[in-house]
Peer 1: 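Quick one: the structure is below, questions incoming.
Each ligand, and each atom within it, is numbered from 1 in the order the structure gives. Along the sequence shown, the residues carry numbers beginning at 1.
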Amino acid sequence: MTWHSRQLAQQNGRTFVITGANSGIGLEAARDLSSRGAHVILAVRDVGKGEQARRRLPGPGTSSVVELDLADLDSVAGGAKALAAEHSSVSALVCNAGVMGGPFLLTAQGFERQMATNHLGHAALVFALWPLLHAAGGRVVMVSSIAARGGQLSARTTREQLVEPAPYNAQRVYRNTKQANLLFAQELHRRTGSAGSPVSAVAAHPGVSGTSLFARTLTDNGWSRLAPVATLATKVVLQSAAAGAMPTLRALDHSTPSGAFVGPARFGQFRGRPELLEVYPTGSDPAVAARLWELTEELLGTALPV
Ligand SMILES: NC(=O)c1ccc[n+]([C@@H]2O[C@H](COP(=O)([O-])OP(=O)(O)OC[C@H]3O[C@@H](n4cnc5c(N)ncnc54)[C@H](OP(=O)(O)O)[C@@H]3O)[C@@H](O)[C@H]2O)c1
C-alpha cells in the first residue's frame, strides 16, 4: 500500500536521536520530526555543524546537539553518557550517519574506518542507549543501502576480514558495511522478539539521493576539485535528500512492524515512495547475522543487555 508522510502522527513528547543529522538524509528526517513536535537530538561529530543544522529545524519541536564521533568508541561512550544524563528514555535511535569509500584508514581502536563508522559505532551506540530505548519501548532504525545487495559478509567472516580487510577495496567494504546494517537490524529484531523486549528494529534504504555523500567520497579520495560538480550533478539527477528521508520516516511509523525493510521499489530501487520490501538475500540469512553479531560483541567487548 502506498505510504505518505502525512500518515506519520504528531510526535509531541517523543525523543529521537539521529546520527549524522547535520547533513543530507539525517537532516531532512530531523526537520520532518521537528515539524511534528518531537524533541530531536542531533548526534554529530562536529558540534559547530550540528548547531548550524539545529538552527535550520522548523519546530515547533525542541532540539539539542550531542557530540559523538562514531569512528571513535570512546566518543560514542561519551555521547551516550551525555544523553543518559539528560534523558531517561529515547523513543527512537536512527543510525543514519555514514561514510562511503576513501583511503584505508584505521580508527583510534584500530578498526577500518568505514566499518567502524557505519556499523561498529552504531552497534556500540545501540548497546549504550539500550536502557533508554527499553524505557520507551523504542525503535532502532538502521539506514542501509541498495549497496547491501553486493555485500560479501558470510557465516565464515573473520575478525580480520571485518575490520582489517586486505587487500583493501573501498567499495567492497562500503557494501559490506551496508549489508552489516541490514543484518544487524534483522538480528536485533530476532533477539528482541525472543527476549520479549519492547524494543523494535527496522532497516531502511534511501534509494539514491542527492546528498553530500558522493562529493565527500571524491574529497576523501583526494579529488576535492570534482566535489562541487558531483554535488550539482547529484542534485539534478537523483531524487532529493528529502525524498531519501521518506524511508526513514516510514520506518519510524508505528504501522511499520519490527523486522521490516523500507525503501523505494521503483527504477531498480533507486527512487520512489517508501515501500515495505523483501530483505535482500545478503541480509536475511540468520547464520550470517549471528556471525556478525558475535564478531561485533567481541570487538566492542560488550553484549546487548536484552
Ligand atoms: N545518498 C544516498 O544516495 C544514499 C544511498 C544509500 C545509503 N545512504 C546512506 O544514508 C546515510 C546518510 O548519508 P547521506 O546520503 O545523507 O550523506 P551525507 O549528507 O554525507 O551525510 C552523512 C552524515 O554522516 C556523518 N558522519 C560521517 N562520519 C561520521 C562519524 N565518524 N561520526 C558521526 N557522524 C559521521 C556526516 O557528518 P559530517 O558532516 O561531520 O561529515 C554527515 O552528517 C548513510 O548511512 C549512507 O550510507 C545514502
Side-chain angles (χ1 to χ4, degrees), residues 17-31 42-54 65-76 78-80 94-102 105 107-109 111-122 124-125 141-151 171 173-182 184-185 203-220 227 230-231 233-235 237-248 251 262-264 267-271 280:
V17 178
I18 308 179
T19 65
N22 60 287
S23 172
I25 291 157
L27 176 57
E28 292 301 332
R31 288 171 62 84
L42 298 86
V44 298
R45 61 176 163 177
D46 181 328
V47 172
K49 282 191 196 173
E51 282 297 342
Q52 246 178 22
R54 197 175 78 78
V65 172
V66 66
E67 183 175 355
L68 196 153
D69 182 349
L70 288 159
D72 180 349
L73 294 176
D74 292 336
S75 173
V76 174
V94 181
C95 297
N96 161 82
V99 286
M100 180 173 76
L105 290 172
T107 64
Q109 285 77 27
F111 304 140
E112 187 282 328
R113 181 188 75 128
Q114 292 191 79
M115 190 56 76
T117 306
N118 298 1
H119 167 61
L120 281 176
H122 278 131
L125 186 58
V141 173
M142 301 300 305
V143 179
S144 179
S145 165
I146 55 175
R149 293 188 285 209
Q171 291 311 315
V173 170
Y174 179 70
R175 291 193 291 272
N176 286 350
T177 70
K178 294 289 118 180
Q179 180 192 11
N181 292 152
L182 196 47
F184 185 82
H205 85 79
V208 186
S209 310
T211 67
S212 311
L213 194 68
F214 304 97
R216 284 170 198 265
T217 304
L218 291 171
T219 304
D220 287 345
T231 303
T234 51
K235 284 207 160 59
V237 174
L238 305 177
Q239 69 173 359
S240 67
M246 287 298 147
T248 295
V262 187
F267 304 105
Q269 300 194 355
F270 269 44
R271 61 195 303 146
Y280 305 143

Peer 1: Working note: F267 + Q239, criterion side chain to side chain contact (heavy atoms under 4.5 Å, CB included); need CA distance, chi angles, decisive distance, verdict.
Peer 2: CA-CA 11 Å; F267 304 105; Q239 69 173 359; over 6 Å; no

Peer 1: Just jot down the ligand 1 atoms closer than 4.0 angstrom to any heavy atom of K178, in number order.
Peer 2: 44 (C), 45 (O), 46 (C), 47 (O)

Peer 1: Short N/O distance, under 3.5 Å, between Y174 and ligand 1?
Peer 2: yes

Peer 1: Does one side chain, of D69 or S75, offer a donor that lies under 3.5 Å from an acceptor on the other?
Peer 2: no

Peer 1: State the atoms of ligand 1, each with its element, that fall below the 4.0 Å cut-off from a heavy-atom position in V99.
Peer 2: 27 (C), 28 (N)

Peer 1: With the threshold set at under 4.0 angstrom, would you say L68 reaches ligand 1 through any of its heavy atoms?
Peer 2: yes

Peer 1: V208 heavy atoms, cut-off 4.0 Å: which ligand 1 atoms fall inside?
Peer 2: 3 (O)

Peer 1: Give the atom numbers and elements of ligand 1 that come within less than 4.0 Å of a heavy atom of F214.
Peer 2: 3 (O)

Peer 1: Taking non-hydrogen atoms only, is S212 closer than 4.0 angstrom to ligand 1 via side chain, backbone, both or neither?
Peer 2: both

Peer 1: Are any of the heavy atoms in C95 under 4.0 Å away from ligand 1?
Peer 2: no

Peer 1: Report the nearest protein non-hydrogen atom to atom 4 (C) of ligand 1: residue, atom name, distance rounded to 0.1 Å.
Peer 2: P206 CG, 3.7 Å

Peer 1: Quick check for you: to the nearest 0.5 Å, what is the distance between E51 atom CD and L42 atom CG?
Peer 2: 8.5 Å

Peer 1: Counting each atom of ligand 1 from 1 as listed, which ones have a heavy atom of A97 under 4.0 Å away?
Peer 2: 24 (O), 25 (C), 26 (N), 34 (N), 35 (C), 45 (O)

Peer 1: Heavy atom of H205 under 4.0 Å from ligand 1?
Peer 2: no

Peer 1: Note the single closest protein heavy atom to atom 32 (N) of ligand 1, along with its residue, its atom name and the distance in Å.
Peer 2: L70 N, 2.9 Å

Peer 1: Report yes or no: does a heavy atom of R216 sit under 4.0 Å from some atom of ligand 1?
Peer 2: yes

Peer 1: Quick test: of every protein heavy atom, which one is nearest to atom 21 (O) of ligand 1, and how far off is it to 0.1 Å?
Peer 2: S23 OG, 3.6 Å

Peer 1: Can you sort out which atoms of ligand 1 are near A71, meaning under 4.0 Å from one of its heavy atoms?
Peer 2: 31 (N)

Peer 1: Answer whether the closest heavy-atom distance between the side chains of V143 and P206 falls below 4.5 Å.
Peer 2: yes

Peer 1: Do any nitrogen or oxygen atoms of V44 lie less than 3.5 angstrom from nitrogen or oxygen atoms of ligand 1?
Peer 2: no

Peer 1: Could you grab the distance from atom CD1 of I18 to atom CD1 of I25, nearest 0.5 Å is fine?
Peer 2: 11.5 Å

Peer 1: In terms of residue, atom name and distance, what is the protein heavy atom nearest to atom 16 (O) of ligand 1?
Peer 2: I25 N, 2.9 Å

Peer 1: Need the ligand 1 atom indices (1-based, order shown) with element for anything under 4.0 Å from a heavy-atom of G24.
Peer 2: 16 (O), 19 (O)

Peer 1: Among all protein heavy atoms, pick out the one at the shortest distance from atom 13 (O) of ligand 1; state its residue, atom name and that distance to 0.1 Å.
Peer 2: L213 CD1, 4.2 Å

Peer 1: Keeping the roles fixed (side chain from R113, backbone from G101), state whether a donor-acceptor pair exists under 3.5 Å.
Peer 2: yes

Peer 1: Under 4.0 Å from a heavy atom of T117: which atoms of ligand 1 are those, numbered in the order shown and with their elements?
Peer 2: 28 (N), 29 (C), 30 (C), 31 (N)

Peer 1: Return the closest protein heavy atom for atom 43 (O) of ligand 1 as residue, atom name and distance.
Peer 2: N22 OD1, 2.7 Å

Peer 1: Quick check: does any side chain N or O of T117 sit under 3.5 Å from a backbone N or O of Q114, one acting as donor and the other as acceptor?
Peer 2: no

Peer 1: Determine whether L238 and F214 make a side-chain contact, defined as any pair of heavy atoms from C-beta on separated by less than 4.5 Å.
Peer 2: yes

Peer 1: Could a heavy atom of A147 be found less than 4.0 Å from some atom of ligand 1?
Peer 2: no

Peer 1: Calculate, to the nearest 0.5 Å, the distance between atoms OG and NZ belonging to S212 and K235 respectively.
Peer 2: 5.5 Å

Peer 1: With heavy-atom distances below 4.5 Å as the criterion, would you say the side chains of R45 and L70 are in contact?
Peer 2: no

Peer 1: Quick check: do K49 and V44 have side-chain heavy atoms less than 4.5 Å from each other?
Peer 2: no

Peer 1: Going by the closest heavy atom to atom 22 (C) of ligand 1, which one wins out of G98, S209, G20?
Peer 2: G98

Peer 1: With heavy-atom distances below 4.5 Å as the criterion, would you say the side chains of N176 and M115 are in contact?
Peer 2: yes

Peer 1: Output yes when a side-chain donor or acceptor of E28 lies under 3.5 Å from a complementary backbone atom of M246, and no otherwise.
Peer 2: no

Peer 1: Please examine the side chains of L68 and V76, heavy atoms only from C-beta on, and report whether any two atoms are closer than 4.5 Å.
Peer 2: yes

Peer 1: Of all the non-hydrogen atoms in the protein, which one sits nearest to atom 40 (O) of ligand 1, and at what distance?
Peer 2: R45 NE, 3.1 Å

Peer 1: Taking atom 11 (C) of ligand 1 as the point of reference, which of T19, N96, V76 owns the nearest heavy atom?
Peer 2: N96

Peer 1: Mind checking whether R175 and Q171 have side chains closer than 4.5 Å, heavy atoms only?
Peer 2: yes

Peer 1: For K178 and N118, what are the C-alpha separation, side-chain angles and deciding distance, and is it a side chain to side chain contact (heavy atoms under 4.5 Å, CB included)?
Peer 2: CA-CA 7 Å; K178 294 289 118 180; N118 298 1; 3.9 Å; yes

Peer 1: If you have a sec, work out which protein heavy atom is nearest atom 17 (O) of ligand 1 and how many Å separate them, to one decimal?
Peer 2: T211 OG1, 3.4 Å

Peer 1: Below 4.0 Å, non-hydrogen atoms only: which portion of S144 touches ligand 1? Side chain, backbone, both or neither.
Peer 2: backbone

